[in-house]
Amino acid sequence: MPHCPMKFQYVRHRLSSPSLWILDIGCGNNSPSVTKRWFPGCHYAGADIQRYNLSGEDDAAMDAFYLLGVDGSGYEAIPDGSFDFVILNHVLEHTAEPGPIVATLCTKLKPGGYIWIAFPSLRSLGLPSSVDETLQFCDDPTHVFVPDVREVANVLLANGVKVLHAGRSREGFFTTLGDGFKLLKRLLKKIMTGKFSGRGLWYLLGFEDHVLGQRRVS
């Protein structure tokens, strides 16, 4: 069985309805087909500033697509109070003012619906640069904002969403153990070549933080 993506690990046991509505902000890199693999009966709505790295399988997996503007426009077309799960996975760091976007997305949740927000941590500013995957925050020139767990959590709390879990994203014990061996091999390679590969080491090195929330039922 394929490894469950981090954005689903904290919620898959909570989302049991066969008719889930999922909204995925920043839906590139084959996210539609991956999401349908884990939630095959869901209504999947993607939203992005462009259709980026999407295959024919991804296009077929999307039940709706909302085109967003780089200025934060386009969210008004997404229906309020309609989604069981909103995904905001590594989007905030590309936005100069993410707070209003997070607040708007809270209104898209059904009562009892969940929101997953993940982003590079403050720790990522101190990680080494990687030759093949963003590891140090500034490896990606489109990163323009360093989100903070407390600030993101406060936006959720101010908009009727309780925080269920927040902090560093971590894998299970055996995955972490395997990544530890992988890190040792990469460090040896860096000594020999002067280049460091950070591929697959996000969670071991603490690159990602997250906030998981649930809209209050009232």
Side-chain angles (χ1 to χ4, degrees), residues 1-70 74-75 77-79 82-95 98 101-102 104-105 108-110 113-120 130 132-135 139-140 142-143 165 169-172 174-175 178-179 182 197-204 207-214:
M1 186 174 184
H3 184 66
C4 182
M6 182 62 67
K7 62 186 175 182
F8 301 146
Q9 288 187 24
Y10 288 84
V11 297
R12 58 178 175 158
H13 65 287
R14 304 171 188 265
L15 298 171
S16 57
S17 171
S19 56
L20 293 170
W21 273 49
I22 295 178
L23 173 62
D24 190 1
I25 307 297
C27 62
N29 294 319
N30 308 119
S31 193
S33 55
V34 170
T35 303
K36 279 288 180 79
R37 198 171 303 141
W38 289 95
F39 302 100
C42 76
H43 173 97
Y44 178 92
D48 212 328
I49 60 173
Q50 61 179 320
R51 289 176 176 264
Y52 176 72
N53 194 19
L54 296 174
S55 65
E57 181 185 2
D58 294 315
D59 288 332
M62 280 198 287
D63 299 290
F65 177 78
Y66 300 97
L67 183 64
L68 305 176
V70 294
Y75 289 91
I78 302 173
S82 298
F83 294 93
D84 300 282
F85 185 33
V86 171
I87 303 166
L88 196 60
N89 199 59
H90 288 272
V91 173
L92 298 190
E93 63 268 27
H94 301 279
T95 308
I101 292 174
V102 174
T104 296
L105 289 174
K108 309 304 177 182
L109 288 167
K110 293 178 181 177
Y114 297 91
I115 183 167
W116 165 265
I117 307 173
F119 42 86
S130 169
D132 54 6
E133 183 176 85
T134 298
L135 187 62
D139 282 346
D140 187 337
T142 69
H143 286 180
H165 195 276
S169 299
R170 298 179 185 272
E171 290 278 19
F174 291 106
T175 301
D179 286 348
K182 188 188 302 180
S197 169
R199 185 173 297 280
L201 297 177
W202 271 17
Y203 305 116
L204 179 68
F207 175 82
E208 181 183 282
D209 279 342
H210 70 268
V211 181
L212 172 66
Q214 183 180 28

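Computation of the quantities below employed the complete heavy-atom set of this structure, encompassing side-chain atoms and omitting hydrogens, waters and symmetry-equivalent molecules. Please read these numbers as outputs of a predicted model, since none were measured by experiment.
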Pair R14-L212, side-chain contact (heavy atoms from CB on, under 4.5 Å): steps then yes or no: CA-CA 12 Å; R14 304 171 188 265; L212 172 66; 4.2 Å; yes
Donor-acceptor pair, K108 side chain versus Y75 backbone, under 3.5 Å? yes
What's the separation between atom CD in E208 and atom CG in N89, rounded to the nearest 0.5 Å? 6.0 Å
Are any non-hydrogen side-chain atoms of F8 and T35 less than 4.5 angstrom apart? yes
Give a yes or no answer on whether the side chain of E133 reaches the backbone of G200 with a donor-acceptor pair at less than 3.5 Å. yes
Tell me, do E93 and D140 make a side-chain contact under 4.5 Å, heavy atoms counted? no
Smallest heavy-atom separation, S82 atom then K110 atom, equals O-CE, 3.0 Å
Any donor-acceptor pair under 3.5 Å linking the side-chain atoms of N29 with those of S31? no
To the nearest 0.5 Å, what is the distance between CD1 on I87 and CG on L105? 11.5 Å
Please check: side-chain N/O of Q9 versus main-chain N/O of C4, any donor-acceptor pairing under 3.5 Å? yes
Straight-line distance of I115 CD1 to I25 CD1, nearest 0.5 Å: 8.5 Å
Looking at every non-hydrogen atom in both residues, tell me the closest pair between G74 and L68 and how far apart they are. C-CD2, 3.8 Å
According to the interplanar angle, ranging from 0 to 90°, do the rings of Y10 and H210 count as parallel (below 30°), tilted (30 to 60°) or perpendicular (above 60°)? tilted
Would you indicate whether the side-chain heavy atoms of H43 and S19 approach each other to under 4.5 Å? no
Among residues two or more places apart or on two chains, list those pairs meeting salt bridge (Lys or Arg N to Asp or Glu O under 4.0 Å) that have a residue in residues 50-62. R51-D59
Search all heavy atoms of M6 against all heavy atoms of R170 and return the closest pair with its distance. CE-O, 3.4 Å
For K36 and C42, work out which heavy atoms get closest and say how close. CE-O, 3.0 Å
Heavy atoms only: give me the nearest L54-C27 pair and the separation to one decimal. CD2-O, 3.3 Å
Does the pair W116 and L88 meet the rule for a side-chain contact (heavy atoms from CB on, under 4.5 Å), with working shown? CA-CA 6 Å; W116 165 265; L88 196 60; over 6 Å; no
Side chain to side chain, P98 and F119, heavy atoms closer than 4.5 Å: no
Checking D24 side chain against G46 main chain: does a donor-acceptor pair fall under 3.5 Å? no
For the residue pair W21 and F83, does the interplanar ring angle fall in the parallel (under 30°), tilted (30 to 60°) or perpendicular (over 60°) class? tilted
Check whether any side-chain heavy atom of F65 lies under 4.5 Å from a side-chain heavy atom of D48, and answer yes or no. yes
Rounded to the nearest 0.5 Å, how far apart are CG of L23 and CG of D84? 11.0 Å
Taking every non-hydrogen atom, the tightest pair across A61 and Y44: O-CB, 3.8 Å
Apply side-chain contact (heavy atoms from CB on, under 4.5 Å) to L15 and list each qualifying residue two or more places apart in sequence or on a separate chain. V11, L20, F39, F85, Y114
